[in-house]
Amino acid sequence: MVSTLPSLPHVPGTDPSSCILDAFRTAIAKRISDRLPQLTIEQAYSGVDYGKKGVDFTVALPRFRLPGKPDELAKKVLEDFQPDDFISSITHDKQFLHFQLNNASLIREVLNQIHALTYDSPSGKPSYGINTSGAGKKIVIEFSSPNIAKSFHVGHLRSTIIGAFLVNLYRACGWDVTALNYLGDWGTQFGMIASGFEKYGSQEALSKDAIKHLYDVYVSVTKDAEADPNVKVEAAKWFKRMEDGEESALGNWREWRELSIKKYIEEYERLNVSFDRYTGESEVGKEWMDKAVQRLDELGLISDVKGAKLVDLEKWKLNKAVLRKADGTSIYLTRDIAGAIERWQKYQFDKMIYVVASQQDLHLAQFFQILKLMEFPWADRLEHVNYGMVLGMSTRKGTAVFLDQIIKEAASVMHEQMKRNEEKYNSIENPEYVSQEVGITGIKIQDMAAKRINNYTFNWDRMLSFEGDTGPYLQYAHVRLTSMERKNPELLPLPPPSQIDTSSLAESTHARDIATLLGSYPDVVKTALKTHEPSGVVTFAFRLAHAISSAWETLVVKGELDMEKARARLWLYLCARDVLGAAMRLLSIRPLERM
Ligand code: ARG
């Protein structure tokens with residue numbers, strides 16, 4: 001790493017070689033602990049926060065709980081201050097100290113670091129923004145988990161989008177991640193379909209689109225069941241045979257499952273999402289389901305209601321729940337309990353995350369509590385990442401029930417939108433591909449723009465507009481940055497930023513704003529890991545896109561006669577492109593190069 005900054009003491013938990021702002025924060029902490037010797041540099045460091053508007057970093061003095069008034073403490077820190085390579089000024093306002101960084105060295109170091117970690121990364125892969133905090137740790141992330149033969153609703157889409165983000169995020173932080181899809185591939189509905197398949201099933205329709213056909217069969221049998229109670233009885237019998245492992249009852253089901261997974265893999269691929277393993281409720285074994293009931297019985301928490309087993313969790317304000325039906329078949333909750341135990345045996349994870357809608361808060365809390373009651377020492381490693389509802393998701397033809405309908409609708413709405421600008425449309429090489437990618441970006445950004453727990457209303461027009469904070473706007477910003485090299489061939493090949501004079505950038509507040517944002521990206525990633533909120537990354541991407549769009553007019557590359565200046569500016573834009581692209585990829589979006 002080509003840092004020309006003076007050396008500093010090392011503060012544990014910081015890593016200036018991957019996050020240059022750590023060096024600047026350390027310099028501030030050093031100044032404080034040198035002047036207030038009661039504080040170690042580490043203690044001082046923990047008090048260095050991002051400042052509000054226009055201020056780089058702020059320290060609230062009272063948090064150190066030192067004897068003496070804030071004014072006196074501030075005076076000691078300020079005394080004889082001389083601007084240096086890190087800090088250009090310190091100001092004092094009541095109990096706060098505000099620090100401005102040295103613009104020239106900030107910009108230079110940020111560009112050098114991004115360049116080095118993008119084009120000269122020790123791992124060979126672009127690695128700016130990533131860290132190794134999770135090295136040696138294992139995580140299982142379960143997400144998406146749709147139900148075979150039922151609809152893939154927006155709740156599943158949210159789980160897919162948020163889950164894919166978490167997988168990327170944990171990998172970016174060095175964790176060994178296993179991405180699991182836990183299919184709803186078991187339960188009485190398969191008895192329904194099995195009995196209905198004899199009447200409504202078609203092998204041809206099945207091989208064309210298994211997901212759709214099984215859904216259609218399910219809808220038809222469900223209608224029959226409304227008129228004839230016998231249908232349900234038959235279905236329950238069928239499912240019982242499946243649970244008992246009768247091969248004659250399982251053959252069809254196995255094929256349905258396989259064909260559905262095949263189709264899902266294709267659709268997830270379009271969303272830029274993949275799984276390490278497809279598992280499902282069907283794979284959960286009987287052993288631990290029985291043991292769980294037995295153990296809870298020993299604890300005096302089970303009661304028998306007409307042959308069904310009920311667990312009483314009132315003591316933990318988690319109601320009562322059925323664990324086993326009277327005919328002995330298992331249910332969703334019991335499968336989750338045993339499933340978690342089996343996953344522990346298989347993966348020995350340090351953490352396991354379930355990305356499931358907040359409608360299932362109670363269900364998750366129940367099985368987490370049951371695992372604690374069973375005294376599994378790893379029970380506290382489970383975490384539920386929940387999210388609110390999506391309202392009004394429909395296509396122009398009506399309610400969407402399948403993932404591919406949602407993707408197609410996004411692509412076609414986007415396609416129409418693009419056609420409105422004929423000239424531009426004609427210049428696009430592959431409008432089908434571009435409209436699908438931009439459409440998917442629109443959906444993802446809308447979904448991740450606010451805190452997970454918020455509900456939001458699905459709105460095609462708003463999410464697919466090029467104006468405002470939308471997916472298309474972000475793609476457009478990335479495309480424009482990508483075109484910079486193409487448009488300025490006379491500046492190429494560009495020497496690395498460390499070999500050019502970037503000091504001219506320090507005079508521009510626009511350049512300065514962009515560099516500060518770029519420098520904060522590694523912090524954005526770390527914060528997201530703590531909060532599990534993609535919205536922080538989305539906000540960052542928009543702030544960066546806005547900062548760039550305000551810079552275009554004054555910070556020109558084309559037409560700048562001073563080559564050194566033009567090169568420095570080009571580097572700033574190229575670094576912005578790389579970091580914006582990295583943030584988009586973290587959000588599972590494929591950044592476009594042309595559109
Ligand atoms: N298949 C379930 C549903 O569609 C979601 C599964 C969530 N994961 C779990 N381990 N319970 O509602």
Side-chain angles (χ1 to χ4, degrees), residues 139-164 166-167 178-190 192-193 211 214-215 218 222 239 253 256-257 260-261 264 267-268 273 275-285 288-289 292 311 318 321-323 330-347 349 351-372 376 378-379 381-390 393 399-403 406 452 532:
I139 184 168
V140 173
I141 303 180
E142 185 223 285
F143 64 106
S144 195
S145 308
N147 303 320
I148 290 179
K150 288 196 187 166
S151 77
F152 187 106
H153 53 71
V154 241
H156 297 120
L157 181 62
R158 278 208 96 175
S159 173
T160 310
I161 294 172
I162 296 167
L166 293 176
V167 168
T178 303
L180 281 192
N181 195 329
Y182 180 65
L183 298 169
D185 59 357
W186 204 240
T188 8
Q189 85 253 32
F190 289 96
M192 293 277 278
I193 299 164
I211 294 176
L214 292 173
Y215 177 79
Y218 184 61
T222 312
F239 179 58
W253 166 84
W256 300 338
R257 183 179 188 274
S260 300
I261 292 179
Y264 269 127
E267 290 173 15
Y268 287 130
V273 171
F275 294 87
D276 298 306
R277 227 181 94 73
Y278 283 80
T279 166
E281 294 177 41
S282 68
E283 288 188 2
V284 180
W288 280 106
M289 297 200 242
V311 61
L318 295 172
V322 181
L323 284 184
S330 69
I331 56 167
Y332 185 49
L333 178 62
T334 331
R335 291 194 279 270
D336 258 326
I337 299 166
I341 301 168
E342 290 174 1
R343 287 185 204 171
W344 165 256
Q345 291 172 332
K346 187 167 170 138
Y347 299 107
F349 46 76
K351 199 192 266 203
M352 173 152 70
I353 285 179
Y354 293 81
V355 188
V356 185
S358 60
Q359 279 126 309
Q360 296 192 31
D361 280 356
L362 177 63
H363 168 79
L364 275 288
Q366 283 174 335
F367 87 77
F368 286 7
Q369 182 59 41
I370 290 172
L371 291 166
K372 277 184 202 143
F376 288 111
W378 46 267
R381 299 184 183 188
L382 309 191
E383 201 172 323
H384 177 199
V385 170
N386 60 0
Y387 52 85
M389 286 192 298
V390 190
M393 162 71 218
T399 314
V401 274
F402 306 118
L403 178 55
I406 302 174
R452 282 186 277 110
H532 293 148

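All ligand and atom numbering here is 1-based and tracks the order in the structure. From a predicted model like this one, the values you see are computed outputs, not experimental measurements.
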Discussion item. Looking at E283 and R343, is there a salt bridge between them, counting it only when a charged N and a carboxylate O are closer than 4.0 Å?
Written reply: no
Worksheet entry | Heavy-atom closest contact (N386 atom, A357 atom, distance) | CB-C, 4.4 Å
Worksheet, complete the sentence: Of all heavy-atom pairs linking Q366 and A321, the shortest is NE2-CB, 3.8 Å
What atoms of ligand 1 come closer than 4.0 angstrom to any heavy atom of [X]?
X	answer
V356	7 (C), 8 (N)
E142	7 (C), 8 (N), 9 (C), 10 (N)
D336	9 (C), 10 (N), 11 (N)
N147	1 (N), 2 (C), 3 (C), 4 (O)
H156	3 (C), 4 (O)

Worksheet item: Side chains of H384 and Q360: do they bring a donor and an acceptor to under 3.5 Å?
Response: no
Worksheet entry | Plane angle bin for F367 and Y354 - parallel if under 30°, tilted between 30 and 60°, otherwise perpendicular | perpendicular
Worksheet item: How are the rings of Y332 and H363 set relative to one another: parallel (under 30°), tilted (30 to 60°) or perpendicular (over 60°)?
Response: parallel
Item to complete: Kindly confirm or rule out an N or O of R343 lying under 3.5 angstrom from an N or O of ligand 1.
Response: no
Discussion item. Between ligand 1 and Q360, can you find any atom pair, the residue atom being a heavy atom, that is separated by under 4.0 Å?
Written reply: yes
Discussion item. With a 4.0 Å cut-off on heavy atoms, is H153 in contact with ligand 1?
Written reply: no
Discussion item. Can a donor-acceptor pair be found, under 3.5 Å and without considering hydrogens, that links the side chain of W253 to the backbone of D185?
Written reply: yes
Worksheet, complete the sentence: Closest to atom 7 (C) of ligand 1 by heavy-atom distance, out of Y354, Y332, Y182, F143, is Y332
